[in-house]
Amino acid sequence: MKNQEIAKIFYEIARFLQIDKVAFKPYAYERAAVSLEAIKDDVAQIYIKGGRKMLEEIEGIGKAMSDHIEEYLKTGKIKLYEEFKKKLPVQMDELVKVEGLGPRKVKVLYQELGIKNIKDLEKAVKKHTIAPLFGFGEKTEKNIMQGLEFLKQSKGRSLISDIKPVAMEVYKKLENLKEVQKISLAGSLRRGKETIGDVDFLVVSRPDKKYGRGSPREAAKNTQKIMDFFVALPGVKKIWGKGGTKASVHMADGFDMDLRIVPEKSYGAALQYFTGSQAHNIATRKIAIDKGLKLSEYGLFKGSKIIAGKTEEEVYRALGLPYIAPELREDQGEIDTALKNTLPDLVELKDIKGDLHCHSNWNGGENSIEVMARSAMDLGYEYIGISDHTKFLKIENGLDEKKLLKQKEAIKKINENYKKKGIKFRVLHGCEANILNDGSIDIKDEVLAQLDYVIAGVHSTLKMEKGELMERIEKAMKNPNVDIFAHPTGRIVGQRDEYQIDFDKILQIAKNTGTILEINSSSRLDLRDLYIRRAKAEGVKMIINTDSHKKEQLLLMEYGAMQARRGWAEKNDIINTLPAEELLKSLK
DNA sequence: GCCGTTTTCGGCCCGACTGTTTTCAGTCG
């Protein structure tokens, strides 16, 4: 896709224009870049289909932008960008990744010291040639030095399920402070994005009784105490900043945390603002402007009078909108849908009645079937499905037909035992079978037919050519014993891209065969949000599973549920919101 | 440079914090 390449160039042009102090144009280029990244169609295809006219129908793309895009598609270059780069031949995208370095400082560093890239910057820091520069100084040089160090250690954005438990530890510490009256996670963590850049907390500090109610100093002392506590947390390696209402730190684990403290009357507006996304905020602030109002983190204002701010619901209502769930706030159509009052009634974690993709110690899993079942009961589930790997996967000690039938008997006994004790819980018996290269399943059909359900997935020869891979998948999905297609695209967040698949075709096959698509809650997070939305639109049913290999991983369901919500999924799109009997009836 | 149920001209989201140029530019979210 050329979209990302062109977007990258537009971002760069925006930076160059910022350096030249050109007004408003940088914003226009940034918006065009964001827009290109957001659309799912390839600009090259759009151009072939409808020429410049169709390009200009894209949000933020006008005459000049379509000029640039046409030029890039034809020549592979954009002249304006080449000219800028000639004047300032530096690795801009790389250098501005250093915390505290922006385009203007980068320009000075090039002009004064000839710094073109990270390597040059490191050398200059070592020689202490930065501090004497006009506009820089000792502290700036030290910040650059530390920024470089952190950049080297950085693994980029973290998987949500890796970072949320760490964030919640800090959350609990802050929540326990007597000075803290209210606290919430904000940012991409609250929106449930699959990867997280930094962790944001929003806090209301308890008013200090010493001062009069409503006085500006009312909460100042407690606010300061919370700030002091925050920057002194264990694991804090660097304090980027600490003021009266806002602090930012870098953690030893390699990510940043931000804390913002606001008065109670602004809590809702601040939560709305701090949750983002930025694109959603810009959209909501524009609605405010259209109504002659002003929206900031302090509230929604008519002139200097605050008309909403205490809760998010209040802010949205005053803008003429229903409440929009954080997972939807990406400026991907949620505002228009909200205006029409047709937002989806999103599935919730508490709607989930069981988990069908769980492994036991019969194969490579860690815990026994009974222990997995007990953990599922503790989560309030009505059932758990044991779906161990099958024989082709030797590394996971996959089960063959004989062992599967033996496992069936074992599960039958467990269920009989529950019944005797009056425990209303059921263990379902499935397997996670392998789709072999020719599309057949590695377990005989007559055995598959004896299980409660069958999950099938691609676990080998991942790098097949598209047509061949699709034939393979199609054959498996058409198998009347295959109920669920596991981790359909094969991607692993931050590690592996999706296979060469045709998702539209998968949707059509799923629709025609009644095959359920899996939303896998582990580091796969597969399906991703956009695909969930498309599946829902096609009426294809999905299931949220954890792919647990030990009991603790059952808790990953939270992330799969968030992923489903980001894909606009409702309760009736997700089959494991059904009781066991109905769920089994909904399968092939 | 883009955009428009108040506009084809005149706006563009909004604010915190730091370091240094001592009054505000640069950076960040």
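Residue numbers start from 1 in every chain, and the chains themselves are labelled A, B, ... in the order their sequence lines are given, proteins ahead of strands.
- Summarising the geometry of A:Ile61 relative to A:Ala32, their closest heavy-atom pair is CD1-CB, 3.9 Å, with the distance given to 0.1 Å.
- Taking atom P in both B:dT20 and B:dG26, the straight-line distance is 14 Å, to the nearest Å.
- No engagement by A:Asp200 is indicated, since no non-hydrogen atom pair under 4.0 Å with the nucleic acid exists.
- Side-chain N/O atoms of A:Tyr273 and base N/O atoms of B:dG29 include a donor-acceptor pair closer than 3.5 Å.
- The CE atom of A:Met227 lies 8.5 Å from the CZ atom of A:Phe230; values are rounded to the nearest 0.5 Å.
- Using a 90° window around 0 for the glycosidic torsion, B:dT6 falls outside it and is classed as anti.
- For the pair A:Arg31 and A:Tyr29, the cation-pi test (distance below 6.0 Å, angle within 45°) is failed.
- Phosphate proximity of B:dG1 to A:Lys25: present, with a side-chain N or O under 4.0 Å from OP1 or OP2.
- B:dG1 and B:dT5: their C1' atoms are spaced 24 Å apart (whole Å).
- Partner of A:Ser277 under the side-chain contact (heavy atoms from CB on, under 4.5 Å) criterion, out of A:Gln332, A:Lys193, A:Glu330: A:Glu330 alone.
- Separating the C1' atom of B:dC14 from that of B:dC9 is a span of 24 Å, rounded to the nearest Å.
- Of the candidate nucleotides B:dC2, B:dC13, B:dA16, B:dC13 has the atom nearest to the side chain of A:Tyr27.
- For DNA chain B, the residues of residues 103-115 of chain A within the heavy-atom distance limit of 4.0 Å (strictly under) are A:Pro103, A:Arg104, A:Lys105, sorted by number.
- Counting only heavy atoms from C-beta on, A:Tyr29 has its side chain closest to B:dG1 among B:dC28, B:dC13, B:dG1.
- A cation-pi arrangement is absent between A:Lys310 and A:Tyr267, since the terminal nitrogen or guanidinium carbon is not both under 6.0 Å from the aromatic centre and inside a 45° cone about the axis.
- Candidate nucleotides B:dC3, B:dA16, B:dG1 were compared by shortest atom distance to the side chain of A:Phe24, and B:dG1 ranks first.
- B:dT18 and B:dC13 have their C1' atoms separated by 22 Å, with the value rounded to a whole Å.
- Only the P atoms considered, B:dT21 is 25 Å distant from B:dA16, to the nearest whole Å.
- In this structure, the side chain of A:Arg104 engages the main chain of A:Ile19 through a donor-acceptor pair within 3.5 Å.
- Taking atom C1' on both B:dC12 and B:dT23, the two are 26 Å apart, rounded to the nearest angstrom.
- Here the P atom of nucleotide B:dG15 and the CZ atom of A:Arg285 are 7 Å apart, to the nearest Å.
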Listed pairs, N/O of protein and of nucleotides 18-22 of chain B, under 3.5 Å:
from: B:dT18; atom 1: OP1; to: A:Lys242; atom 2: N; distance (Å): 2.7
from: B:dT18; atom 1: OP1; to: A:Lys242; atom 2: O; distance (Å): 2.8
from: B:dG19; atom 1: O3'; to: A:Thr140; atom 2: OG1; distance (Å): 3.1
from: B:dT20; atom 1: OP1; to: A:Phe136; atom 2: O; distance (Å): 2.9
from: B:dT20; atom 1: OP1; to: A:Gly137; atom 2: N; distance (Å): 3.1
from: B:dT20; atom 1: OP1; to: A:Gly137; atom 2: O; distance (Å): 3.4
from: B:dT20; atom 1: OP1; to: A:Glu138; atom 2: N; distance (Å): 3.4
from: B:dT20; atom 1: OP1; to: A:Thr140; atom 2: OG1; distance (Å): 3.2
from: B:dT20; atom 1: O5'; to: A:Phe136; atom 2: O; distance (Å): 2.8
from: B:dT21; atom 1: OP1; to: A:Gly135; atom 2: N; distance (Å): 2.9

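- Distance check on atom C1': B:dT6 versus B:dG10 gives 14 Å, rounded to whole Å.
- Contact annotation for A:Gly244: backbone-only contact, meaning every heavy-atom pair under 4.0 Å involves sugar-phosphate atoms and none involves a base.
- Looking at which nucleotide of DNA chain B each of A:Met227 and A:Glu59 is closest to, the 5′-most match is held by A:Glu59.
- At the phosphate of B:dC17, OP1 or OP2 sits under 4.0 Å from a side-chain N or O atom of A:Thr245.
- The residue among A:Gln18 and A:Glu297 whose nearest nucleotide of DNA chain B is located toward the 5' end is A:Glu297.
- Within the nucleic acid shown, A:Glu99 comes within 4.0 Å of sugar-phosphate atoms alone, with no base atom in reach, counting heavy atoms only.
- Using modelled atom types, one finds a donor on one side chain and an acceptor on the other under 3.5 Å when comparing A:Arg190 with A:Thr275.
- Rounded to whole Å, the distance from CD on A:Glu30 to P on B:dC12 is 17 Å.
- Between A:Ile115 and the options A:Ile118, A:Asn117, A:Leu113, a side-chain contact (heavy atoms from CB on, under 4.5 Å) holds for only A:Leu113.
- Proximity of a side-chain donor or acceptor of A:Asn3 to a complementary backbone N or O of A:Asp41 within less than 3.5 Å is detected.
- For the residue pair A:Tyr531 / A:Glu498, a side-chain donor-acceptor distance below 3.5 Å is found, with atom types taken as modelled.
- Of the nucleotides present, B:dC3 is the one that pairs with B:dG10 by Watson-Crick or G-U wobble criteria, both distances under 3.5 Å.
- Results of the side-chain contact (heavy atoms from CB on, under 4.5 Å) test with A:Tyr81 over A:Phe16, A:Phe10, A:Tyr72 single out A:Phe16 as the only residue that passes.
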